[in-house]
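Heads up: the structure comes next, in structure tokens.
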Amino acid sequence: MTVMSYLGAIGAAQKEAMLADERVVIIGEDVEANVYGTTGGSGKSRASEGDFLQQFGRNRIRNTPISEEVIVGAAIGAAMTGLRPIVDLSYSSFLYMAMDQFVNQAAKNRYMFGGQASVPVVFRSAMFYGLNTGAHHSDRPYPMFMNVPGLKIVTPAYPSDAKGLLRTAVDSDDPVLIFEACVLWGSKEEVDENEYRIPFGVGRTLRTGTDATIVAVSGAVPEAVAAADALAEEGISVEVFDPRTLVPLDVEGILNAAAKTGRVVVADPAHRTCGAAAEISALVSEHVFDALKAPVRRVTTPDIQIPFSPALEKQLYPNRKSIADAVRASVGARPAGGNGSVSTPGADAEALSTGAAR
Amino acid sequence: MLRIRRFDERASKMVKRGAIPGTVHTSIGQEAQVVGACMALGDSDYMTGNHRSHGHPIGKGAPLGPLMAELVGKSDGVCKGKGGSLHLADFAVGSLGESGIVGGSIPIAVGAGLSSKVLDNGRVALAFFGDGAANQGNLYEGMNMSGVWKLPVIFLCENNQYALSTPAHTVTSGVIADRGAGFGMPGVRVENGQDVLAVYEAVAEAVRRARAGEGPSLVEIVTYRFNEHSEGLRLGVDYRNQDEKAEWVSKDPIVLFREELIRRGVATAEEMDALEADVLREVDEAVAFTDASPFPDPSVAFDDLYTDSKFAVHTYHSSSFGTLENVR
Ligand SMILES: Cc1ncc(C[n+]2csc(CCOP(=O)(O)OP(=O)(O)O)c2C)c(N)n1
């Protein structure tokens, strides 16, 4: 085991994949210079072995023009004809430039050609929200892509997941989109430096609890864990579940975690309408309604473009406080600052009106 | 050329009497451009097409039966009935697929060229697209990327002079072939796109360049479609001048090539008649193959979405598939 950062774990997985299979190539803007930090090789290894460009050469490290549509389309065509590209799209807002290729080619080719094509390509992008980068660089667009059958959607929340899920993504014969939240980049974890893979569709239980369940996605996961820890001190026992991949979704894991406590809060940094939280909430209501003791609550980013000013932006994303408040409302306790865990019928309405259940 | 002509004529009839669902876009009149280009490619070379590309896999040597069955949506269709006329593909002959999205398959051909280059397998990728598609931005992203990476890609513009009802010159600034120069690649315009040998020669030179590692080329072929944009489509307005049309129909590439072959003594009129009869028989067989093929079982609707068959997003859609328990 080695302590790795989130970005370091991605770099390690990319390097493993490049070494393991000559068909793996990395395509993207500024990947030669390692501007986004995953094609450099980390610390010592970079000094001793050089960066990816030196190790793998220009045939396999492909620095591209700023042409997202053809980057994505060419990666699809290359995947259909024998390569296994990893595409670095840097900011996830840039995926929109290539929406046609994602939706009309990557997702559809295998199906509409009756299985003649397979499209083994990995698209990575980072969600730079929370860094005062304004509306053009702060998107969290994974739910849009959940709506496109044929794609697999991965949202790792920890370094170990980032590494293991990326290796599985490279092995996948279907197109995979990995969304990396930059709020997670600083996190560090003990990660196995040997090769390993984490299967898609299998979530991770981060805390076990009996009073309420938080299903959290991407950058909301560590916040949910922090909320659970804070709630434990108040005597509220919380289960935290991270599905890790949104397509395929660990429906069974979510339903089990939801039914176990009967109170569910879904925390998701994407927009509220038609978001991942909406889908997860609907599934819970559809399948384990009888086990529910309270309405499912969503803590999401409201349907708003991201403003630049830190004063405006900071409040928008799910955080440990808003998540904890939603759990308190769910179990009938007052929001923090109130008088403990007294259950009042008005608590839900109060939480809603204060925005705590957002 | 004859195979494409007779196949498309049959498809046109079938769509009119409802035997083919949806729409069909024929290459009738444009066969020289399709075949001249495909002849310049080797068996293992790649091609992508657009919405008007039945003829292209045929030009690459694909058998007619599975193509016809696909137009009807039968289970023995080349795409098992999932694609239809707009999304034909026959990977066995290097046809990586048409695109119902105008210009959509151009980046795919660029990617096929990229894989050829990285894997060093000597294959060439040719993207067919119309004069309408020539105004899509992805063409220029693709030409630039192919140019800087010297990819073995051929951008082939089938300039049939209309994008649906819109004359090319009213929406296209300058000459399409000239756009090659902006990306440092040859831009060749074949004015007589009804001459299959002229097309062949222009594309063969582009293929030679591609194989020699000299990079991509743009080839524009001037041609004409004899039928409507889409079979069955009746536009109230006469956007094409009848004299213009008659003049192009008088330059039928099949008639021209037949005369040429006879004039050069390559074949006699009788031999050409026999060939035509053979082709008609082949089309009849393709229709018989189609008739004999069953429609796909509705249960296969979810197959091929993902490579992993047990991976199915729909498994939890309880309304149509029962409860979670019994679908797992
Ligand atoms: C992106 C996109 N825009 C519009 C259409 C509708 N459409 C289908 S074919 C066509 C004309 C295309 O003209 P061209 O590329 O010259 O090909 P041609 O039909 O002449 O072979 C149009 C506008 C479409 N299918 N896709």
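Hydrogens, waters and symmetry mates are skipped; everything else that's a heavy atom, side chains included, is used. All values reported here derive from a predicted model rather than from experimental measurement.
Residue B:Asn121 does not touch chain A at all, counting heavy-atom pairs closer than 4.5 Å. In this structure, chain A has no heavy atom under 4.5 Å from any part of B:Leu86. With a 4.5 Å cut-off on non-hydrogen atoms, B:Leu96 touches chain A through its backbone and its side chain both. For A:Gln116, the parts lying near chain B are the backbone and the side chain together; criterion is any non-hydrogen pair under 4.5 Å. Of the atoms belonging to B:Asn138, heavy atoms from both backbone and side chain fall under 4.5 Å from chain A. Residue B:Tyr140: no heavy atom, backbone or side chain, is found under 4.5 Å from chain A. With a 4.5 angstrom heavy-atom cutoff, A:Glu22 does not touch chain B via any of its atoms. If you measure heavy-atom distances from A:Arg58 to chain B, you find no contacts under 4.5 Å at all. Proximity to chain B is limited to the side chain of A:Asn104, based on heavy atoms less than 4.5 angstrom apart. Proximity to chain B (any heavy atom under 4.5 Å) is restricted, for A:Ile27, to the side chain, taken from C-beta onward.
With respect to chain A, the highest number of heavy-atom pairs below 4.5 Å among B:Ala125, B:Ser105, B:Gly84, B:Ala301 belongs to B:Ala301. Top candidate by heavy-atom pairs under 4.5 Å with chain B, chosen from A:Ala74, A:Gly201, A:Ala75, A:Pro65, is A:Ala74. Annotation: maximal heavy-atom pairing with chain A below 4.5 Å, among B:Gly104, B:Ser116, B:Gly137, B:Gly97, occurs at B:Gly104. Interface check for chain B: of the options A:Gly77, A:Ala79, A:Ser172, A:Ala107, the most heavy-atom pairs under 4.5 Å are formed by A:Gly77.
At a threshold of 4.0 Å, the pair B:Asp90-B:Lys60 does not count as salt-bridged, since none of the basic side-chain nitrogens sits closer than that to a carboxylate oxygen. With salt bridges taken as basic N to acidic carboxylate O contacts below 4.0 Å, one links A:Arg84 and A:Asp173. With respect to the salt-bridge test (charged N to carboxylate O, under 4.0 angstrom), the residues A:Asp21 and A:Arg23 qualify.
Shown here for A:Leu89 and A:Ser125, the closest heavy-atom pair between the two residues is CB-CB, 4.2 Å. B:Met185 and B:Ser217 get closest at one heavy-atom pair: SD-C, 3.8 Å.
Residues of residues 93-102 of chain A that come within less than 4.5 angstrom of chain B, heavy atom to heavy atom, are A:Asp100, A:Gln101 in numerical order.
Contact check for B:Glu98 versus B:Asn50: no side-chain heavy atoms found under the 4.5 Å cut-off. Side-chain contact between B:Val24 and B:Val15: present, with at least one pair of heavy atoms (C-beta onward) separated by less than 4.5 Å. Looking only at side-chain heavy atoms (C-beta outward), A:Thr168 and A:Pro199 stay at 4.5 Å or farther from each other. Counting heavy atoms from C-beta outward, A:Asp268 and A:Arg298 have side chains that stay 4.5 Å or more apart.
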Verify side chain to side chain contact (heavy atoms under 4.5 Å, CB included) between B:Phe129 and B:Cys157, making sure each step is shown before the conclusion.
CA-CA 5 Å; B:Phe129 57 90; B:Cys157 178; 3.5 Å; yes
Quick one: do A:Leu166 and A:Arg124 satisfy side chain to side chain contact (heavy atoms under 4.5 Å, CB included)? Show the steps, please.
CA-CA 9 Å; A:Leu166 179 49; A:Arg124 294 180 36 240; 4.2 Å; yes
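Under a 3.5 Å cut-off, the side chain of B:Glu70 and the backbone N or O of B:Lys80 do form a donor-acceptor pair.
Between B:Phe128 and B:His56, the angle of the ring planes goes over 60°, which puts this pair in the perpendicular group of the 30/60° scheme.
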